[in-house]
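A short write-up of the structure that comes next.
Note: hydrogens, waters and symmetry copies are ignored here, and every other heavy atom, side chains too, is used. Naming: A, B, ... by sequence-line order, numbering from 1 per chain.
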Amino acid sequence: MIEIKELHKSYQMGSNSLHVLKGINFTAKEGELVAIMGSSGSGKSTLLNILGMLDVADSGEYYLDGVPIKDLNETKAAKYRNQFLGFVFQSFNLINYKSALENVALPLYYQKIGRKERQEKAMKYLEQVGLKEWATHLPSELSGGQKQRVAIARAMAAEPKVLLADEPTGALDSTTSYEVMDLIQKINDQGNTILVVTHEEDIAHMCKRIVHLKDGVIVEDKKIKQVRVTQNV
Amino acid sequence: MWLFDRDLWIEIFHTLGKNMFRTFLTMLGVIFAMIILVLLLGSANGMSNGFDKVFAGTASNSLFVWSRSTSEPYKGFERGRRINFRIEDAEILKRNIPEIEVLAPRIELGNHRDVVTVYRKGQKSGSSVYGDYPEIDNITKKKLIEGRFLNNSDIEDSKKVCVIGEETYKLLFEKGENAIGEDIRINGVFFSVVGIYKPNNNINIDGENAVFVPFTTFQKAFNSGDRMGWMAIAVEPNTEVPIVENEIKKLLKIKYDIHPDDERAIGSFDMSEIFNNISSFTLVLKGFSFFVGIFTLLAGVIAISNILLITVKERTKEIGIRRALGATPKIVRRQIVVEAIVLTAFAGLIGFAMSVGILAVLDSLWGSGEDFPFVDPMVSIPQFTISFSLMVGLSVLIGLIPANRAVKVRPIEALREE
């Protein structure tokens with residue numbers, strides 16, 4: 001599903017050049033749930049941004065579902081993001097004057113899906129995250145955990161190939177964090193590929209594979225036994 | 001067609017409605033600009049209409065020619081010789097100068113501006129008495145309140161009829177008395193009244209206390225022979241009056257042996273000059289109004305652009321989210337430009353409606369044109385269309401500034417912003 005080869009990225013900080021990613025090789029198959037770990041400055045967010053086409057690498061190759069991701073202009077990137085990727089952010093990034101339902105429906109709007117179908121689909125995903133009753137509420141009327149669940153519903157609504165979660169539990173307390181992770185696990189159970197950036201050990205262990213980044217290189221990449229939040233079938 | 005995309009409009013009204021007060025303040029600039037533009041244009045139109053009304057009934061491309069005495073000796077004649085036009089001059093001029101459309105010879109009893117005593121049943125008035133051709137009505141229109149003006153059969157048969165001014169009527173008749181068919185006496189000759197004309201607010205060359213009789217009758221009754229006092233001449237449209245004026249004078253100077261440089265011998269008055277002056281005045285006024293209005297409008301639209309720029313800055317994060325979710329730069333740009341258009345167009349329409357209301361009030365207060373030239377102050381449809389489309393066009397151009405700013409923000413930076 002995801003394949004990257006020799007990915008390099010550096011930032012210009014005044015006269016100094018900061019080499020953030022120093023040749024990353026990484027593949028993720030369909031249905032994987034990967035935790036990307038590392039301390040701040042390790043390059044994990046940069047990697048996620050490049051995977052999310054919010055940023056471009058200096059060199060290296062990137063294939064997403066077999067499609068080479070290169071020579072992106074903003075329009076092309078926007079289309080790929082809309083088609084291939086779902087984003088979940090630490091700070092939720094909901095549009096605060098739109099209701100939960102409208103937020104979830106937004107990526108579908110950019111897919112030029114008709115209004116009625118959009119509403120139905122958005123409602124379906126809201127139901128999946130258990131917030132059907134909150135559909136008409138504004139983000140300001142929702143708790144942190146609810147906001148993140150709306151964000152996940154939004155990310156899923158476009159039916160992306162890959163779900164990218166950047167510290168999805170970073171702004172939540174542990175109980176809510178587990179609820180969110182439970183949701184992520186369930187979405188993964190349905191066969192979706194998910195990448196989670198986190199620095200919390202317990203969250204990482206709720207994934208199926210942990211990739212450790214340090215100083216711009218992958219130092220460890222191991223499959224683990226997944227810790228389920230709820231023991232279900 | 002994206003213009004009919006319901007979601008686009010929902011998005012736009014959502015964002016605009018989110019901050020009603022600011023939206024309103026933004027629009028205020030354009031509203032005022034539109035009011036100023038429409039009021040200026042409307043008033044200029046009102047003045048122009050007012051002047052038109054003043055000159056209504058006077059052919060704008062006309063001139064008057066009369067004879068005076070020479071100021072230069074020429075061909076053995078001494079200076080100070082009195083020139084008298086002859087009725088044949090009318091034919092000569094018409095034959096030689098094709099640009100003359102109407103030529104109405106006129107003769108006046110006594111000297112210019114002299115009054116003659118007109119009698120009727122013991123009452124009398126001191127009026128000007130003119131011998132005229134019906135054609136004069138094509139150059140200075142008389143507003144008849146009763147009866148008719150002189151006609152060709154009056155001329156052919158030298159009928160003893162006359163048309164009198166309202167002032168003359170008041171002096172000679174009792175209030176409400178029937179005058180049509182009644183006789184009045186001028187220099188011992190009786191004339192039967194066939195029409196009464198009313199003074200209007202227009203230019204009035206003949207005055208209101210005047211009696212008009214057929215030219216041919218005048219010749220017989222007052223023994224004026226083939227003399228002719230002056231000529232009212234209308235030239236063909238699109239002909240320069242001064243050119244025709246010169247030709248006429250040249251011809252008459254040759255006929256009457258007047259020195260070519262003698263400026264005094266033949267007097268003339270070019271009506272078109274006044275018209276041209278006034279129409280260029282109103283044209284300048286309109287142009288100036290448009291100029292001022294458009295720049296005020298530009299200022300208003302720039303204010304909108306400024307506010308949108310601030311809005312874009314405030315919405316950086318939202319725009320970033322949208323970009324991350326798949327909004328293309330085109331969509332983002334479109335939304336902001338359409339916002340600019342909607343704000344401007346809406347404000348413009350409000351301003352237009354308000355100013356039309358104000359103009360209607362002005363119209364009802366002073367729009368009759370009685371006191372000063374100000375009639376029907378209103379903007380024309382082309383004027384409105386031009387200014388409105390110019391305004392919307394400006395808003396598109398100026399809306400592109402914040403729109404491009406919004407597009408330039410990279411989603412990753414926008415998302416990082418807290």
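Taking each heavy atom of B:Arg323 and A:Glu74 in turn, the nearest pair found is NH2-OE1, 2.9 Å. Here the closest heavy-atom approach between residue B:Gly326 and residue A:Tyr110 is recorded as O-CB, 3.7 Å. The heavy-atom pair separating B:Ile321 from A:Leu94 by the smallest distance is CD1-O, 4.0 Å. Taking both residues in full, the closest heavy atoms of B:Ala324 and A:Phe89 are given as CB-CZ, 4.3 Å, listed atom of the first, atom of the second, then distance. Listed here is the closest heavy atom pair of A:Ala78 and B:Ala327: CB-O, 3.5 Å.
The closest side-chain heavy-atom distance from B:Lys330 to A:Thr75 is not below 4.5 Å. For the pair A:Arg81/B:Pro411, a side-chain contact is recorded, criterion being any heavy-atom separation below 4.5 Å from C-beta on.
With a 4.5 angstrom heavy-atom cutoff, A:Asn49 touches chain B only via side-chain atoms. Only the side chain of A:Glu102 comes within contact range of chain B, with at least one heavy atom under 4.5 Å from a heavy atom of that chain.
Heavy-atom neighbours of A:Lys214 NZ from other residues, nucleotides or ligands within 6.0 Å: at or below the threshold of 12. The number of heavy atoms from other shown groups lying within 6.0 Å of CE (B:Met354) does not exceed 12. The neighbour count for A:Lys76 NZ, taken as heavy atoms of other residues, nucleotides or ligands under 6.0 Å away, is above 12. Counting heavy-atom neighbours within 6.0 Å of A:Tyr97 OH, excluding the residue itself, gives a total above 12. With a 6.0 Å radius and a threshold of 12 heavy atoms from other residues, nucleotides or ligands, A:Glu30 has its CD atom at or below the threshold. Residue B:Phe32 places its CZ atom among 12 or fewer non-hydrogen atoms of other residues, nucleotides or ligands, all under 6.0 Å distant.
Here the CZ atom belonging to B:Arg322 is positioned 13.0 Å from the CG atom belonging to A:Asn82, to the nearest 0.5 angstrom. Here A:Ile95 contributes atom CD1 and B:Leu325 contributes atom CG; the two are 7.0 Å apart, rounded to the nearest 0.5 Å.
Along residues 11-23 of chain A, no residue comes nearer than 4.5 angstrom to chain B, judged on non-hydrogen atoms.
Contacts classified as side chain to side chain donor-acceptor pair (under 3.5 Å) and involving residues 62-71 of chain A (residues at least two apart or in different chains) are given here: A:Glu61-A:Tyr63, A:Asp65-A:Lys161.
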